[in-house]
Enquirer: 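Below: one structure in structure tokens.
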Amino acid sequence: GHYVLTTVDCKFVCSSHVLDNPAIPYIASGTTSNETIRVGANCFFGVGALVLGNVSIGHGSVIGANSLVIGEIPPFSIVVGNPARILKRYSFSKKSWIDIDSVTDDDLKDNPGEEDYLVMLRSSHPDLSMPLIAAGSDLGNL
């Protein structure tokens, strides 16, 4: 999606080896090709985040460093861990991140859909250019 920011060593893998029959060498069994990873607008992936399989990550979400995402992530979520679990959701009506155990439907009722969210981002930051390299050895290992 638009405005997605990844850090060092993030991986997105939606293909695997076919493992149906161990009597066939796995190197000869072929790979899957029927899965898709969808990442919504303005998601951030911490160092070493890994997304595996047929997964959708909702807009406005934050994936913590070294997290393993193997399931659906709703919009405006903060997830961490292996496997990744939702810690918080953002509430536009409260203008804050709320612990997942305390979130109610009322907290999320004013959260925008992805298209409206993109309009909001573009209007608030019309001249934002995305960095190609945020840090690296050529920049002194910032």
Enquirer: Give a yes or no answer on whether the side chain of S29 reaches the backbone of V18 with a donor-acceptor pair at less than 3.5 Å.
Expert: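 Looks like yes, one N/O pair under 3.5 Å.
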
Enquirer: What closest approach, in Å, do G64 and V80 show between heavy atoms, and which atom pair accounts for it?
Expert: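 Closest approach of G64 to V80, heavy atoms only: CA-CG1, 4.1 Å.
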
Enquirer: Would a distance-only check, ignoring hydrogens and angles, find a side-chain to backbone donor-acceptor pair under 3.5 Å from N21 to A23?
Expert: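 Side chain of N21 to backbone of A23: a pair is present.
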
Enquirer: Taking it one step at a time, do V69 and F45 satisfy side-chain contact (heavy atoms from CB on, under 4.5 Å)?
Expert: CA-CA 11 Å; V69 178; F45 293 82; 5.6 Å; no

Enquirer: Is there a path of hydrophobic side-chain contacts, each under 4.5 Å between heavy atoms of I/L/V/M/F/W/Y residues, joining Y90 to L5?
Expert: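 Yes, L5 and Y90 fall within the same hydrophobic cluster.
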
Enquirer: How close do K88 and W97 get, counting heavy atoms only, and between which atoms?
Expert: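 Shortest heavy-atom contact: CD-CB, 3.9 Å.
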
Enquirer: Under 4.5 Å between side-chain heavy atoms, hopping through other hydrophobics if needed: is there a path connecting M120 to F44?
Expert: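 M120 clusters together with F44.
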
Enquirer: Going by the side-chain contact (heavy atoms from CB on, under 4.5 Å) test, name the single residue among T6, I57, V51, T7 that passes it with I63.
Expert: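 Only one option passes, and that is I57.
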
Enquirer: Identify the residue among V79, I78, I73 that makes a side-chain contact (heavy atoms from CB on, under 4.5 Å) with S61.
Expert: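 Going through the options one by one, the only one that passes is I73.
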
Enquirer: Hey, is the main chain of S16 close enough, under 3.5 Å, to the side chain of T32 for a donor-acceptor pair?
Expert: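 Confirmed, T32 side chain pairs with S16 backbone.
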
Enquirer: Side chain of S67, backbone of A49: donor and acceptor closer than 3.5 Å?
Expert: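 No, because the side chain of S67 does not come within donor-acceptor range (under 3.5 Å) of the backbone of A49.
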
Enquirer: E72 and V55: which non-hydrogen atoms are nearest, and at how many Å?
Expert: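 That closest heavy-atom pairing would be OE2-CA, 3.8 Å.
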
Enquirer: Can a donor-acceptor pair be found, under 3.5 Å and without considering hydrogens, that links the side chain of R38 to the backbone of N54?
Expert: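 Flag not set: sc R38 to bb N54 has no pair under 3.5 Å.
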
Enquirer: So which pairs with a foot in residues 53-89 pass ring pair (Phe, Tyr, Trp, His ring centres under 6.0 Å), sequence neighbours left out?
Expert: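 Of all non-adjacent pairs touching residues 53-89, those that pass ring pair (Phe, Tyr, Trp, His ring centres under 6.0 Å) are H59-F76, H59-Y117, F76-F92, F76-Y117.
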
Enquirer: Run through the side-chain heavy atoms of Ile, Leu, Val, Met, Phe, Trp and Tyr, join any pair under 4.5 Å, and report what else lands in V13's cluster.
Expert: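 Traced through the cluster, V13 reaches L50, L52, L68, I70.
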
Enquirer: How close do N42 and L121 get, counting heavy atoms only, and between which atoms?
Expert: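 Scanning both residues completely, I find the closest heavy atoms to be CB-CD1, 3.6 Å.
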
Enquirer: Hey, what do you get for OG (S93) to CG (L108), rounding to the nearest 0.5 Å?
Expert: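 So the gap between those two atoms works out to 8.0 Å.
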
Enquirer: Apart from Y26 itself, what residues make up its hydrophobic cluster when side-chain heavy atoms of I, L, V, M, F, W and Y under 4.5 Å apart count as a link, directly or indirectly?
Expert: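 Y26 clusters with L19.
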
Enquirer: Does N66 offer a backbone N or O that forms a donor-acceptor pair with the side chain of N82 under 3.5 Å?
Expert: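 Judged by distance alone, no pair lies under 3.5 Å.
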
Enquirer: Minimum heavy-atom separation for P74 and I86, please, with both atom names.
Expert: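 Here P74 and I86 meet closest at CD-CD1, 3.4 Å.
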
Enquirer: Quick check: closest heavy atoms across D107 and S91, and the distance to 0.1 Å?
Expert: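 Between these two residues, the closest heavy atoms are O-OG, 2.7 Å.
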
Enquirer: Got a second to check how far K94's NZ is from R89's CZ, nearest 0.5 Å?
Expert: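 Result: 13.5 Å between the selected atoms.
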
Enquirer: To the nearest 0.5 Å, how far apart are OG1 in T104 and CG in D106?
Expert: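 That separation rounds to 5.0 Å.
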
